[in-house]
Amino acid sequence: MAEYRIDDLARAAGTTVRNVRVYQDRELLPPPRRQGRTAIYSDAHLVRLRLIINMLERGYAFAQIKEMISAWESGRSLGDVLGLEEVVGESWAEEAPRAVTATELRRMFGKQFSPGNVKRAMELGLLERRGRGFVSQSPQLLDAGAELVSLGVPLGEVLDLAEQLQQDIDHVAGHLVEMVRRHVLTRPVPTEEEVPYYSDVLQRLRPLVMSALNAAAARSAARVIPEVLGDRLIEMVAGSEEHAKRA
DNA sequence: CTTCTTACA
DNA sequence: TGTAAGCA
């Protein structure tokens, strides 16, 4: 658990000491722990500070931010489980599509860049035609796929995986959103006082889903990789790394 | 030298 | 939001 002096905190969040003090005075930031005269901040403060800056940039007034923060604190359980706050400081904008030429694709996928696979990728919505070339709706998936192929996994199987992955993720994300609908956005029509809260929850639903899935994916990777590959293999590889370091 | 407070713009 | 003075 990292600790920050006010200058470190401001730097880490990309703002100034002055502003940190202002947010603190306006009670948007929780009071720091004091060590004599100097204030000691935690990671929680950093997360909160990033949140505040984000909301400020989106045009929220101090008072509105304060309201939302207290709203979250009163109904904390969901936010805790899903890491609500952790998300908001990050850029969770939707991935930007990227144009890719046929030449690039051929370089990435070699001879497996075939009309059949292209058709399949287009059916899966991974690739779209644009003039002579293509545009990838998810450069990250494209790059991940290219890496798998370069490691020797057949592109056909990579595409199978992409399809399966999309279905599974749709399923889980659907569940999550449904949970929020059932437990948080309980009214079909919110009362007038609830409208701002509802609106904020809706705005954060996408980053919230992404955060939950991201966290789950990280845990899964850590757990599943040794499970599937076996501890023996992992140990052997770790051992050879030691050899490499010594050399 | 850094932090904090207060004040002014 | 930046800057400055005076203090600890």
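If you're wondering where the values come from, they're calculated on a predicted model, not measured in any experiment. So you know, we letter chains A, B, ... as the sequences are listed, proteins then strands, and number each from 1. Values reported hereafter were calculated over all heavy atoms of this structure, with side chains retained and with hydrogens, waters and symmetry mates removed.
- Residues passing the salt bridge (charged side-chain N to carboxylate O under 4.0 Å, His left out) test with A/R181 are A/E178, sequence neighbours excluded.
- Among residue pairs with one or both ends in residues 29-54 of chain A, those qualifying as ring pair (Phe, Tyr, Trp, His ring centres under 6.0 Å) are A/Y41-A/H45; sequence neighbours excluded.
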Once Watson-Crick and G-U wobble pairs under 3.5 Å are found, how is DNA chain C written in dot-bracket notation, 5' to 3', with | for any base paired to another strand?
||||||.|
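- For A/R107, there are no side chain to side chain donor-acceptor pair (under 3.5 Å) partners two or more places apart in sequence or in a different chain.
- Note that the OG atom of A/S150 and the CG atom of A/D143 stand 10.5 Å from one another [nearest 0.5 Å].
- In this view, A/Q137 and A/E128 satisfy the side chain to side chain donor-acceptor pair (under 3.5 Å) rule, not counting sequence neighbours.
- For A/E157, there are no side chain to side chain donor-acceptor pair (under 3.5 Å) partners, not counting sequence neighbours.
- Taking the side chain to side chain contact (heavy atoms under 4.5 Å, CB included) definition, one finds that A/L56 meets it with A/Y23, A/I52, A/F62, A/I65, sequence neighbours left out.
- Checked against side chain to side chain donor-acceptor pair (under 3.5 Å), A/R130 has no partners two or more places apart in sequence or in another chain.
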Taking protein heavy atoms under 4.0 Å as touching, what does nucleotides 4-9 of chain B look like 5' to 3' if B marks base contact, S marks sugar-phosphate-only contact and - marks none?
BB----
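- The side chain to side chain contact (heavy atoms under 4.5 Å, CB included) test applied to A/E227 returns A/R223, not counting sequence neighbours.
- Scanning for side chain to side chain contact (heavy atoms under 4.5 Å, CB included) contacts around A/T101 gives A/T103, A/E104, with sequence neighbours left out.
- When DNA chain C is scanned 5' to 3' for any atom under 4.0 Å from a heavy atom of chain A, the first and last hits are C/dT1 to C/dA8.
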